There are 2 protein chains.
Amino acid sequence: MPGSDVLDPTALLRAAGLKVTRGRVAALVALGEHSHSSAEQLHTHIAAGGVPMTLQAVYLSLQVLTEHGVLRRIEPAGSAARYELRVGDNHHHLVCTGCSRVVDVDCMVGEAPCLLPADAHGFSVQETELTFWGVCPDCAAQAATTREEGAA
Amino acid sequence: MPGSDVLDPTALLRAAGLKVTRGRVAALVALGEHSHSSAEQLHTHIAAGGVPMTLQAVYLSLQVLTEHGVLRRIEPAGSAARYELRVGDNHHHLVCTGCSRVVDVDCMVGEAPCLLPADAHGFSVQETELTFWGVCPDCAAQAATTREEGAA
DNA sequence: GGAATTTCTTGAATCGATCAAGTCTCCACG
DNA sequence: CGTGGAGACTTGATCGATTCAAGAAATTCC
Ligand SMILES: [Mn+2]
Ligand SMILES: [Mn+2]
Ligand SMILES: [Zn+2]
Ligand SMILES: [Zn+2]
């Protein structure tokens, strides 16, 4: 079924004017399968896929891809930077305070920027970063189990 | 004029059940005068105020004060953690992409949490963190000057 | 004022990320 | 095809922010 592939790494790289290399392709594929992963997580996934690649090479690829707008980099407080392929769509993130899992949250108000401060203090606001912190279902279940065990 | 003091470090510490020490008082006073400062900036301010205190001691004090809810700690992406005395009022921050300066932004919708995601994905949302990124007046002026010089 | 508790100092270590120099790969051109 | 040169990748060092650990000093409560 041609065209059913969600991601064409080669096309993405060519469109960005970047060389098509094994490492970059591997990084893009890994990100397509594991969005919001850290550099180390991606390195692990890439290695598991059979592509030999240094962690530093992963960092380099992610840096270049981010600089060229192919990737988006987010830095939730208290955890390593995460990367994703969704760029330029003004979506937001929900971060679990237990396991640092990150999931996408669409903007609830409309187009970008979906929110502006009441008083900008003379700043020219270019980006509205909205991060929700909470506990994901898995962590909530785990906490419930732990409480039961403690009470028993 | 008794009572005109904006901050009583000793009372704050006692209320939190913490020992009143020179270092903690110095940290609170410095924060009162320089909100949203980093640990190193606070250390510099404290030293300038004539109080001998190690950078590590500043980190320890900030950690304890944050754990006890006396301080709030924020971690803007790409810069060191900042601290402030405004706790529990659900206000937000405006960060300059040029100099990392941080200023307060009051919530524009109402009480906490002033915003909730359209789809919480099963998470129990506990905190809504909203960060605006932009360029502050000083940096904008500086950029304008630089451009003029470049054009001249 | 003195003992017990905690905080502070000194120094090392950690984590995530970046830098630097040399080697290897991609790809445009012959 | 075959090759040359820009630019990726590897290896190893380095960095900044923060934390950890053990002993010395300070604070609190009697
Ligand atoms: Mn996302
Ligand atoms: Mn603030
Ligand atoms: Zn979780
Ligand atoms: Zn600025």
Side-chain angles (χ1 to χ4, degrees), chain A residues 9-30 36-44 46-47 49-68 70-83 95 100 102, chain B residues 9-28 30 36-44 46-47 49-68 70-83 95 99-100 102:
Chain A
T10 301
L12 271 178
L13 289 169
R14 291 251 158 79
L18 294 170
K19 268 195 183 173
V20 178
T21 67
R22 213 170 23 144
R24 289 173 185 170
V25 170
L28 288 173
V29 169
H36 307 113
S37 291
S38 67
E40 277 208 43
Q41 290 170 335
L42 289 172
H43 179 234
T44 302
I46 291 169
V51 178
M53 195 178 179
T54 304
L55 175 59
Q56 283 72 10
V58 175
Y59 272 112
L60 279 177
S61 290
L62 292 173
Q63 189 174 271
V64 170
L65 290 168
T66 304
E67 282 166 358
H68 285 75
V70 180
L71 299 184
R72 175 176 169 189
R73 173 190 168 120
I74 60 175
E75 300 178 41
S79 72
R82 311 305 184 92
Y83 300 84
V95 183
S100 295
V102 178
Chain B
T10 301
L12 271 178
L13 289 169
R14 290 250 158 80
L18 293 170
K19 271 192 181 174
V20 178
T21 66
R22 215 174 18 150
R24 288 173 185 172
V25 170
L28 289 174
H36 307 114
S37 291
S38 67
E40 277 207 46
Q41 289 170 336
L42 289 172
H43 179 234
T44 301
I46 291 168
V51 178
M53 195 179 181
T54 304
L55 174 59
Q56 282 71 7
V58 175
Y59 271 111
L60 278 177
S61 289
L62 292 173
Q63 189 174 271
V64 170
L65 291 168
T66 303
E67 282 166 358
H68 285 76
V70 181
L71 300 184
R72 175 175 169 191
R73 172 192 169 120
I74 59 175
E75 300 179 39
S79 71
R82 310 306 183 91
Y83 300 83
V95 183
C99 65
S100 295
V102 177

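Everything numeric here is computed off the predicted structure, so don't read it as measured data. In the text below, chain A, chain B and the rest are named by the order of the sequence lines, each starting its count at 1.
- Comparing the local axis fitted to the first five base pairs of the helix from C/dG1-D/dC30 to C/dG30-D/dC1 with the one fitted to its last five gives a bend of 30°, rounded to 10°.
- Counting heavy atoms from C-beta on, the side chains of A/L18 and A/L65 come closer than 4.5 Å.
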Let me check something: any side-chain donor-acceptor pairs from residues 19-27 of chain B under 3.5 Å, sequence neighbours excluded? List them with distances.
from: B/T21; atom 1: OG1; to: B/R24; atom 2: N; distance (Å): 3.3
from: B/R24; atom 1: NH1; to: B/K19; atom 2: O; distance (Å): 3.2

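- The nucleotide range of DNA chain D contacted by chain B, defined by atoms under 4.0 angstrom from heavy atoms of the protein and reported 5' to 3', is D/dA17 to D/dT28.
- The closest donor-acceptor contact from the side chain of B/R14 to the backbone of B/L12 lies at 3.5 Å or more, if one exists at all.
- Within residues 54-61 of chain A, the residues that have a heavy atom under 4.0 Å from DNA chain D are, in order of number, A/T54, A/Q56, A/A57, A/L60, A/S61.
- Rounding to the nearest 0.5 angstrom, the gap separating the NE2 atom in B/H43 from the CD atom in B/Q56 is 8.0 Å.
- When DNA chain C is scanned 5' to 3' for any atom under 4.0 Å from a heavy atom of chain B, the first and last hits are C/dT5 to C/dG11.
- Residue B/V20 is classed as a sugar-phosphate contact, given heavy-atom separations below 4.0 Å to backbone atoms only.
- Under the side-chain contact (heavy atoms from CB on, under 4.5 Å) criterion, A/E75 pairs with A/R73, A/A81, B/A77, sequence neighbours left out.
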Next on the checklist: side chain to side chain contact (heavy atoms under 4.5 Å, CB included) for A/V29 and A/I46? Distances and angles first, verdict last.
Outcome noted: CA-CA 9 Å; A/V29 169; A/I46 291 169; over 6 Å; no

Item to check | Stepwise side chain to side chain contact (heavy atoms under 4.5 Å, CB included) test for A/L28 and A/V70 | outcome: CA-CA 9 Å; A/L28 288 173; A/V70 180; 4.0 Å; yes

